[in-house]
Every structure is written in structure tokens, then in C-alpha cells.
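The structure under discussion appears below in the form of C-alpha cells.
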Amino acid sequence: MRVVFLGTPDFGVPSLKALHSAGYEIAGVFTQPDRPKGRGNKMVKSPVKECAEALGIPVFQPVKIRADGVEALRSLQPDLCVTAAFGQILSQEILDIPRIGTVNVHSSLLPRYRGSAPINWAILEGETVTGVTTMMTDKGLDTGDILLQKSVEILPGETAGELTDRLAPIGAALLIETLRRIEQGNCPRTPQNEAEASYFPMLKKEMAPIDWRMPASRIVCRVRGLSPWPGTTLAWGDGETVKVLRAEEVDASGGPGEILAADAKRGLIVAAGEGAVRVTALQAPGGKAMDARDYFRGHPCAHTRCLLTEEEKNE
RNA sequence: CGCGGGGUAGAGCAGUUCGGUAGCUCGUCGGGCUCAUAACCCGGAGGUCGAGGGUUCAAGUCCCUCCCCCGCAA
């Protein structure tokens, strides 16, 4: 079976590797164009491109596959397309090219958590279970028929980044099982139940600042769910902002945003809308990540007593 | 040449403006004290100040070159 793989970030790499080692003929790989990244704005290849090149597979990088990638894909004459976090919407014209269709690996238990950041949102919503789904891509956004699913427990304290790393190989294994069963002609295919469907939007960096009026449990979920990007931040009153990398709920109380402790012994404890949050790891501007207690050894705290902004207080 | 922060004891930092004895908060080791604590008191060990070169009587500090870490923007 001739397969074309479409993917971009790390999440897709295990699936590509699995296809290769399972013996599928991979006619080509589509991935997002190289982009200037990091310090110095150096051009960086996507992880999927790195992998494809290492495997000796031709790589295609249309800026917009719907516009300038159609002929390239058609010329590869795929029996099947596989997508895993490709990052571009496929048009009906694209979907019509592969003989069998397009299988997508999605990191949630569809029909819940449709959208481009299902792992983050599952944690943000306080879920304890999520999973991966293989589905037949159709013109809607993550609306196609479900093929196979596997549920996965979300570990206590697990961040979105960590869960992504854990889900990627699980998705790859599920993909191979899906293709095997398609070839055998016994793959289940179930339309999604629209009544149970939920959709969550892309993450924005505007989501990073903590709103201390939220319950402590919810703030901790945000720290986990928004890691590593866009991250979670708190602002001292003086304009300084630090990234909050790790936090846990603790039993204490005070007015929302009130600093209950900020020293080298106890670390940083801030009261929330309900309960309180202990920040256990943070990162100052220009600095590296560190334990909150280490931070206060060198930064004697002379900050404000409350982390709510004037705006928030007045609301 | 995208913008910017940083490298000083095991950890986190100050000291660099204007060259002149290596400091702080912790940790650690030894001793003491307390019913007790995020304890407290006394004492000690621990540093090629990222690397190399230059200027100087004298460089953590000034000049040149290089290495490494990090944030933003994309």
C-alpha cells in the first residue's frame, strides 16, 4: 500500500517511524515549510522533516497544500494518506486524491476535544482520562468517522508536554493497527455522536497570565495544561513577570492573589479564589528554570502583597 | 547580521559605573541550646570569578577574541 504522510511537530514522528518500520511504502512526506526559529532566526526543519530525511523519504513543503500542493500529492498516487498534527486544513480536492481515504491520528477521545490543542484542553478542563483516536478525515474539523480509539490515563501533575510525549507512540501503534485492519477489511467505522461533541480553540499566549480569582485547582490545571506553551505567568506589582513552571494546590486561605509566603524556606504560596497555590518551580526573565525556594535565596522578596491587577480588583 | 538577559563556593544572587583583601542568603561539616519550630547560637570547610589573550605596580572589574546557558519575537 502506497502511503503519503503529512505531519509537522514531534507528535507525528513516532507515527512516521512506525509506518516505515511496519513496511509501508511511504511515497512522500508533507510537512510545514522550514521556518526561522530561535535565537538568530535560523531556519529550522520540522521534526517530521528531519525524520523523513533520515529515512530517505522525499519531502514536500507547500506553504498551503490546498493551493500549491495538490499536483505534487496527486503525482505520488497514494492509496492512503495519513495525517498526524500536520497543521494545515485539507480541502475536499486533497481528500479526494488518495484511493482509500485519509486517516488522521488525533490525540483525544473523539468526539470530545476536537480542535488543534486537545491534549492541553483535556488537562485544562481537569480531565483524568484522555486518549488517541484514529479517524477518517472529512471536510469538517475533526468530524470524520471514528476508526479505533485507545484511552489513556492522565497522570497526577502531568503537563501537556509530558502527556504529548507519552501519547505520540500510543497513537503510532494505534495507527498501525488501524491500517492493518483496513487492509484486512475489518476495521470498525463509527460516525461521531454530534450530541457529545466538543470543540476547543487554538491556544493563545494571552492565556498565560494567571487569574488568581480562579479556584486553586483550576490554576494548577492551567499551569499543567499550558506547558510548555504558552506557559503560565504571574506578574509582581513592579512590572516583573515570571513564568510559573510547576504548581500544586495547598491548604491555606486568603484574599485572591494575596501572597501568603515568598521566601527560601516555604517557596511561594498565593491565595486563590478557592484555596491556595504553591508555586514550586519558576523562571525569571532571562534566567533558567529553578525551584521557587532557590529563587528567593537570591531574590529577597520586596514585592507587593497582592498579585491581582488594579483592573481585576475593580471588576 | 532580528531584539534582549546571563555565566562569581554545592544552590540562588550582590560586587563590574569609578581597577586596590572574595561578599550575602541558604546548603554542608563540627559543636552548643530547646518540650517544641520555616527553629536558634558559635565555629569550620568549600572559589582556575565561563575560556584565552592584552593593558596595568595591581583585573571579578578596563580592551580584544571565543565558548556556553536563557527569554522575546517568529
Side-chain angles (χ1 to χ4, degrees), chain A residues 7-12 30-50 59 61-65 67-68 85-89 116-117 120 159-162 164 201-210 216 222-254 258-272 275-305 307 309:
Chain A
T8 301
D10 288 312
F11 179 80
F30 282 68
T31 191
Q32 298 269 22
D34 297 358
R35 296 249 161 73
K37 263 191 179 176
R39 287 165 224 121
N41 276 340
K42 294 187 177 73
M43 295 300 278
V44 172
K45 302 171 185 175
S46 76
V48 162
K49 178 176 177 179
E50 294 278 4
V59 174
Q61 299 176 278
V63 173
K64 203 170 183 180
I65 191 170
D68 54 347
F86 176 46
Q88 293 189 28
I89 306 268
S116 59
N120 302 272
T159 67
E162 292 161 352
T164 300
M202 277 195 300
L203 302 178
K204 300 192 194 79
K205 67 179 175 186
E206 288 75 30
M207 297 171 70
I210 292 175
R222 287 181 79 83
V223 173
R224 294 165 54 212
L226 297 179
S227 167
W229 193 91
T232 310
T233 62
L234 68 80
W236 305 119
D238 57 7
E240 284 283 286
T241 296
V242 299
K243 287 191 169 186
V244 176
L245 303 176
R246 292 274 178 185
E248 61 192 22
E249 193 174 356
V250 293
D251 188 18
S253 60
E258 183 183 347
I259 297 178
L260 302 176
D263 56 60
K265 295 291 183 190
R266 292 168 295 178
L268 177 62
I269 302 176
V270 183
V277 175
R278 183 206 296 275
V279 174
T280 54
L282 53 76
Q283 182 167 22
K288 50 187 177 181
M290 70 182 75
D291 187 285
R293 286 166 301 191
D294 289 338
Y295 175 81
F296 288 109
R297 280 193 188 97
H299 299 82
C301 185
H303 299 296
T304 53
R305 293 174 45 79
L307 295 178
T309 64

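Protein chains get the first letters and strands the later ones, always in sequence-line order, with residue 1 at the start of each.
When RNA chain B is scanned 5' to 3' for any atom under 4.0 Å from a heavy atom of chain A, the first and last hits are rG2(B) to rA74(B).
With sequence neighbours excluded, the residues that form a side chain to side chain donor-acceptor pair (under 3.5 Å) with Q88(A) are Q32(A). For R222(A), there are no salt bridge (Lys or Arg N to Asp or Glu O under 4.0 Å) partners two or more places apart in sequence or in a different chain. Residues passing the salt bridge (Lys or Arg N to Asp or Glu O under 4.0 Å) test with R266(A) are D263(A), sequence neighbours excluded.
Using C1' as the reference atom, rG7(B) and rC13(B) are 12 Å apart when rounded to the nearest Å. Here, rA9(B) and rA22(B) have their C1' atoms 10 Å apart, quoted to the whole Å. The same atom, P, is picked in rA11(B) and in rU21(B); the two are 26 Å apart, to the nearest Å. For the C1' atom pair drawn from rC35(B) and rG44(B), the interatomic distance equals 30 Å after rounding to whole Å. Between rG20(B) and rC62(B), the distance separating the two P atoms is 11 Å to the nearest Å. Remark: the separation of the P atoms in rC24(B) and rA14(B) is 15 Å, to the nearest Å. Separating the C1' atom of rC69(B) from that of rC33(B) is a span of 44 Å, rounded to the nearest Å.
No donor-acceptor contact under 3.5 angstrom links the side chains of T233(A) and T241(A), judged on distance only.
Of the residues in residues 222-230 of chain A, not one places a heavy atom less than 4.0 Å from an atom of RNA chain B.
Sequence neighbours left out, the pairs with a member in residues 278-292 of chain A that pass side chain to side chain donor-acceptor pair (under 3.5 Å) are E248(A)-R278(A), D291(A)-R293(A).
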